[in-house]
Amino acid sequence: MQLKNFSISCKINGRTYEENIAPDRTLIEFLRGLGFLSVKQGCDTSNCGLCTVWLDGTPVLSCSMLAARANGRAITTIEGVQEEATAFAGFMAAQGADQCGFCSPGLVMNILAMERELDDPTPEDIKHYLAGNLCRCTGYASQMRAIEAYLAAKTAKTAAATTAAPAAPAEGGA
Amino acid sequence: MFELKEFIAAQSLDQADELLHRDKKNVILGGLLWMRMGTRQFNTGIDLSGLGLHRITDLGDHIEIGAMTPLRQLEISRLLADNFGPVLRDAVCHIVGVQFRNLATVGGSVFSRFSFSDVITALLVLDTRVHLFRGGQIPLADFLETSPGRDILVKLTIPKQDVDTAYVCQRKSAADFPILAAALARTGSAWKIAVGARPSRATLAPKTAGLLSETPDKTQIDAAGNEILRELTFGGNGQGSREYREHLARVLVKRGIQKICS
Amino acid sequence: MRHVNQGIPKLDAKALITGRPAYTDDLAPANCLVVKVLRSPHAFAKINAIDTAAAEQLPGVACVITHRDVPRHRFTMAGQSFPEPSPYDRLILDRLVRYVGDPVAIVAAETERQADRALKAIKVDYEVLEPVFDPAKALDHPSIIHPEADYHVNHDIGNDPNRNLCASGEFCAGDLAAAFAAADVTVDQTYETRANNQAMMETFRTFCYMDHSERLTIVSATQIPFHVRSITARALGIPKQKIRVIKPRIGAGFGAKQTLVSELFPALVTLKTGKPSKMVFSRKESFTASTSRHAMRIRVRLAADRAGNVLGIHMDTLSNTGAYGEHGPTTVGLSGHKTMPLYNKAKAIKFTYKVAYTNTMSAGAFRGYGATQGTFALESAMNELAEKLNMDPLDLRLKNLVAQGEVMPGYYGEKLNSCTLADCIRRGKEMIGWDANHPCRQISKTKVRAVGAAITMQGSGIPNIDTASVEIRLQDDGFYTLMIGAADMGTGCDTILAQMAAEVLCCDMDRIIVSQVDTDHSPYDTGSYASSTTFVTGTSVIKAGKALIEKMITMAAGTLKADPGDLEFNGTAIFAGSPDGKKAITVEALARKLAVGNGACLSATATHSSPVSPPPFMAGFANIELDLETGKVVVKDYVGIVDCGTPINPNLARVQAEGGIVQGIGMALYEDITYNSAGKMMNSSFMQYKIPSRKDIGDIRVAFESSYEPSGPFGAKSIGEVVINTPAPAIANAIANACGVRLRHLPMTAEDVVMGLHARER
Ligand SMILES: Cc1cc2nc3c(=O)[nH]c(=O)nc-3n(C[C@H](O)[C@H](O)[C@H](O)COP(=O)(O)OP(=O)(O)OC[C@H]3O[C@@H](n4cnc5c(N)ncnc54)[C@H](O)[C@@H]3O)c2cc1C
Ligand code: FES
Ligand code: FES
């Protein structure tokens with residue numbers, strides 16, 4: 001049987017891409033090939049979460065998905081959410097929670113997805129949601145401190161915005 | 001990673017079926033989490049994503065779960081929790097991570113008949129029926145006895161029931177495979193117990209379940225613990241020895257009962 | 001201090017967290033040939049014939065290389081200073097393959113698929129030999145793993161390849177027989193640790209190209225750029241000057257990248273083809289074809305009097321170095337020399353060891369480097385001794401602890417000039433709630449909470465060997481470039497060294513630029529290992545900074561027509577009297593002036609090598625919950641109190657400690673490399689080899705009891721490795737306290753606990 005390429009049209013970070021790709025190309029190969037180099041691969045068994053991107057806003061493992069399945073759908077990588085990622089980075093840096101950083105883009109994508117999906121997560125909820133993001137350097141504790149501080153600052157901001165009284169702007173991290 | 005020569009997004013189940021039987025080297029694509037670890041060369045990969053099979057639907061006297069439903073939905077579906085209690089949520093919540101469960105499918109999980117499957121263990125105590133495109137609908141327990149043939153798993157159905165459930169398992173680390181897993185369900189005074197990862201495939205243990213009253217006392221629980229070792233076989237593998245699994249079986253059955261009764 | 005001892009964010013934090021491309025594979029040119037390696041399916045075999053003709057004909061294939069085509073110089077891949085203590089027992093490709101995964105052929109093709117096809121098309125005829133996997137059986141086994149005539153060692157390491165003996169040795173101080181004769185209580189137990197995988201998230205990867213002057217450029221995820229240069233030169237048989245090594249950001253190493261792993265294959269391909277090439281290890285390859293922690297079997301004998309005075313210690317270590325001797329002769333030493341000195345009051349100590357070759361994957365460097373294994377053994381034995389003496393294990397330790405000012409015979413005769421270990425123990429005891437929880441507390445019918453503790457030490461660099469040069473340049477806007485050869489692998493050493501530079505130069509952090517390591521530009525540094533960077537390279541930073549200030553003052557003196565002795569430097573200006581006065585020039589103005597006309601662009605270089613390796617210390621405390629029915633152990637709370645001297649950056653030091661503790665917990669409870677009876681590794685993925693996930697980990701609490709190390713930069717010692725050592729023995733101790741089951745091997749599984757409980761019932 002002859003190899004038949006698949007033509008796909010999808011949005012990546014808001015921009016439409018039309019490409020002709022091998023039918024078994026994984027989404028991570030596709031994305032890195034287009035220059036979205038933030039997306040990292042840490043395993044070949046879908047365990048590490050480094051490759052996390054959003055498919056129509058839902059976090060998925062780009063190593064385990066065929067690019068062909070992105071046809072007609074919207075992909076978001078950290079390049080597409082720089083403002084939020086930068087805000088969160090401040091909290092991570094303040095803790096020294098970034099060590100080698102190789103796990104960071106995938107982690108950030110999952111944290112931002114969690115923030116959209118869960119209301120007021122407890123520390124246990126956070127650990128559960130992020131369980132598929134491995135990190136070998138930090139031991140997770142500093143990440144947890146950064147996440148909690150980030151979410152608290154967000155909540156404070158929202159609270160400040162919803163109360164009519166002028167409130168002091170929430171600290172945006174170090 | 002496996003190889004594909006062609007990717008076809010099926011327009012209908014008929015087309016998918018036709019493609020599957022056209023060529024032995026054509027294959028149904030589930031969530032791919034398991035398949036991607038293989039290195040086989042396939043011809044056509046048949047994608048069922050566009051066929052509306054990713055939904056959980058309330059159909060009055062039963063609930064239907066499409067084959068492409070991601071495992072994450074089993075975890076967070078209100079409908080499933082309201083009707084079947086925590087058993088499905090607690091069965092899938094350990095599987096790797098949220099991003100993984102957003103991709104892994106119910107169809108791929110059941111069709112693969114994995115012996116370590118949490119998903120199958122939980123579904124077994126709920127009278128789940130498997131709907132195959134060619135093979136029609138059969139009880140999950142019967143489906144598990146068949147060897148993986150070439151068919152399409154279209155959906156599962158579960159009859160609504162007034163049931164209390166529990167899922168208990170033992171794992172080396174939080175996101176590892178189970179060393180042993182047990183699902184329990186109680187409807188009135190009738191119990192169902194399934195034990196998975198023994199390490200062979202999950203099965204129901206009706207004799208053990210039959211020893212239990214609606215609120216079993218210690219004697220009954222102990223008897224059930226003894227019976228489970230007679231009724232089912234346990235073995236050893238890298239995750240745990242036979243002795244340890246036998247020990248765990250008693251503990252997990254007891255804990256499952258206690259969870260439901262508390 | 002403005003910068004030192006401050007939790008300053010890492011310099012690369014924002015870039016890395018927001019996903020900027022900075023790692024090896026992000027930088028590789030698109031047209032690289034893809035390099036793949038065919039690996040041996042046999043644990044021990046001789047290659048009779050290889051047929052590569054079919055593979056070479058396949059589309060896209062640029063070259064296929066076999067043992068016939070590689071240089072014949074034996075070498076070691078261990079990144080150590082020349083002449084390396086590891087034996088020269090490797091070729092890039094050898095006729096004899098010694099473990100499942102040993103390279104057999106190298107393929108380069110235009111695409112990954114093409115390379116995979118080529119691998120499949122290579123036909124190899126093996127003569128299968130009898131492998132040996134158990135290190136005890138390997139010694140004097142009829143199968144000789146290294147029969148080659150050109151096997152070479154640089155030092156006397158007590159080796160005998162004909163016996164599969166990679167190294168052996170003995171050390172004693174005092175009269176051990178007398179110590180045991182005088183003992184009221186003795187302990188004699190054997191402890192076993194397993195091979196572990198470093199499991200950094202970025203697998204091994206390298207790309208290479210020939211530059212315009214026909215020099216081989218190697219861009220690699222490595223901890224040891226300068227050793228990569230020298231080992232590659234030796235292995236390929238080309239002069240060092242023909243090689244340039246660049247280290248971009250790297251996705252951690254933990255010692256794994258202190259050995260060459262992915263470098264030589266693409267280097268050889270690029271040299272042969274002239275084309276750029278790259279090799280990215282899959283996770284499976286990273287597990288099965290790199291180096292793991294040395295599995296060790298350690299017998300500990302302790303002699304003590306009734307009052308709890310330790311009289312004698314004897315440790316006997318058998319280490320499994322696998323198929324090759326990378327780091328074999330050196331790691332084993334730490335199992336004794338970085339453990340026994342903790343109990344320096346002992347009158348006699350003895351350390352004996354053997355390192356065996358076997359047909360498993362080569363062992364190598366992994367954070368802790370032998371001290372981790374030794375700590376599990378000695379600290380477990382100390383806890384057993386405490387039980388025999390009916391003494392609180394912390395009291396036993398405090399009674400025998402090494403103290404500041406003592407000379408340590410077991411630690412190369414060094415004098416201990418900084419140590420707060422006793423304070424670490426007391427503080428941790430309080431933080432963990434020792435008195436309320438020791439030995440255990442039943443919290444429900446089936447669950448027990450219990451505490452356990454262990455202490456440890458490590459080193460700070462390799463004395464008289466590790467060498468670090470640093471250059472600081474004054475640039476024409478008055479900012480500084482800090483040129484270092486030490487490799488930041490995520491540890492934050494670029495930041496820490498910049499903090500020290502800023503401290504010395506009295507300037508803001510943003511005036512210091514740290515350049516990436518490039519052997520063409522960076523000053524020489526042995527590399528980032530042996531916990532050397534803060535301590536050794538840091539001292540060079542201080543020296544270089546001071547020298548640069550001297551030079552600036554001299555230059556300013558000329559400009560200001562002043563006597564250098566009258567001038568002061570305050571970071572922004574050089575002046576006599578007041579910085580706003582007449583005799584003053586800003587650093588910026590001086591720098592500009594020096595860059596024009598007859599100026600002299602200023603730069604200062606300094607090199608440091610330390611005669612001592614002051615040990616950092618740590619006390620670790622585990623508070624576990626043990627399920628008496630399932631045997632499951634969960635570490636609910638872990639307290640680590642560290643004496644690393646002055647923590648240059650307390651935030652980064654804390655995260656080092658937290659990360660090390662969690663790796664230690666993984667090692668204690670589930671990380672385990674196992675081989676089947678044919679020598680095939682059974683856990684070669686994160687699906688089978690479980691590193692801790694965040695759901696496995698309870699609270700991790702770290703505090704510092706800082707001493708001041710006179711020989712260290714700003715009083716600093718090291719922190720990178722010591723932090724991994726305590727969890728295994730502390731958790732073993734807690735398990736024993738919870739349920740009476742003493743586990744003397746790692747990992748300690750729930751099944752082991754249950755089986756131990758059953759055995760006790762019987
Ligand atoms: C790292 C890892 C850890 C795991 N841990 C656990 C665990 O702890 N517990 C647990 O229960 N499970 C676990 N699993 C299994 C996982 O939950 C899924 O069951 C598995 O990935 C299969 O689902 P999938 O959708 O990915 O199917 P795929 O991998 O896509 O398919 C698997 C097989 O099913 C076939 N198939 C898929 N869908 C259909 C269909 N509709 N009709 C017919 N055939 C079909 C495919 O052709 C293929 O042969 C793990 C898997 C991995 C990779
Ligand atoms: S790369 Fe590890 S989960 Fe995708
Ligand atoms: S920071 Fe290195 S893996 Fe997370």
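In the text below, chain A, chain B and the rest are named by the order of the sequence lines, each starting its count at 1.
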Quiz item: Should C/N651 and A/Q95 be marked as a side chain to side chain contact (heavy atoms under 4.5 Å, CB included) after you check the CA-CA gap, both sets of side-chain angles, and the distance that decides it?
Solution: CA-CA 6 Å; C/N651 283 4; A/Q95 293 294 338; 5.7 Å; no
Practice problem: Determine yes or no for a side-chain-to-main-chain donor-acceptor pair under 3.5 angstrom, with C/K14 supplying the side chain and A/A89 the backbone. | Solution: no
Quiz item: Does the C/E658 side chain pair with the main chain of A/Y140, one donor and one acceptor, at a distance under 3.5 Å?
Solution: no
Quiz item: Given the options C/A252, C/A199, C/G492, C/P21, which has more heavy-atom pairs under 4.5 Å with chain A than any of the others?
Solution: C/A199
Self-check item: Shortest non-hydrogen contact between C/R654 and A/R145, atoms and distance
Solution: CD-NH2, 3.5 Å
Practice problem: Under 4.5 Å heavy-atom distance to chain C, tell me which part of A/L50 shows up: side chain, backbone, both or neither. | Solution: side chain
Self-check item: Results of side chain to side chain donor-acceptor pair (under 3.5 Å) for C/R20 - residues two or more places apart only
Solution: none
Quiz prompt | Which portion of A/Q41 sits near chain C, non-hydrogen atoms under 4.5 angstrom | solution = backbone
Exercise. Tell me, for C/F686 versus chain A, whether the close heavy atoms (under 4.5 Å) come from the side chain, the backbone, both or neither.
Key: both
Practice problem: Measure C/F287 against the heavy atoms of chain A and call it side chain, backbone, both or neither at under 4.5 Å. | Solution: neither
Quiz item: Using 4.0 Å as the upper bound for N to carboxylate O, is an ion pair formed by C/D25 and A/K40?
Solution: no
Quiz item: So, does A/Q82 use its side chain to make a donor-acceptor pair with the main chain of C/T18 at under 3.5 Å?
Solution: yes
Quiz item: So, the side chain of C/R249 versus the backbone of A/C100: is there a donor-acceptor pair under 3.5 Å, distance only?
Solution: no
Practice problem: Indicate yes or no for a side-chain donor-acceptor contact from A/N47 to the backbone of C/S685 under 3.5 Å, with no hydrogens or angles considered. | Solution: no
Quiz item: Are C/R694 and A/E124 within salt-bridge range, i.e. N to O under 4.0 Å?
Solution: no
Practice problem: Without swapping roles, check the side chain of A/D44 against the backbone of C/S282 for a donor-acceptor pair under 3.5 Å. | Solution: no
Quiz item: Is any residue of residues 106-116 of chain A within less than 4.5 Å of chain C by heavy atoms, and which ones?
Solution: A/L107, A/V108
Quiz prompt | Heavy-atom donor-acceptor pair, A/K127 side chain to C/I697 backbone, under 3.5 Å | solution = yes
Quiz item: Do C/R283 side-chain atoms and A/G42 backbone N/O form a donor-acceptor pair below 3.5 Å?
Solution: yes
Self-check item: salt bridge (Lys or Arg N to Asp or Glu O under 4.0 Å) evaluation trace for A/E29 with C/R113
Solution: CA-CA 13 Å; A/E29 289 168 335; C/R113 279 275 147 84; over 6 Å; no
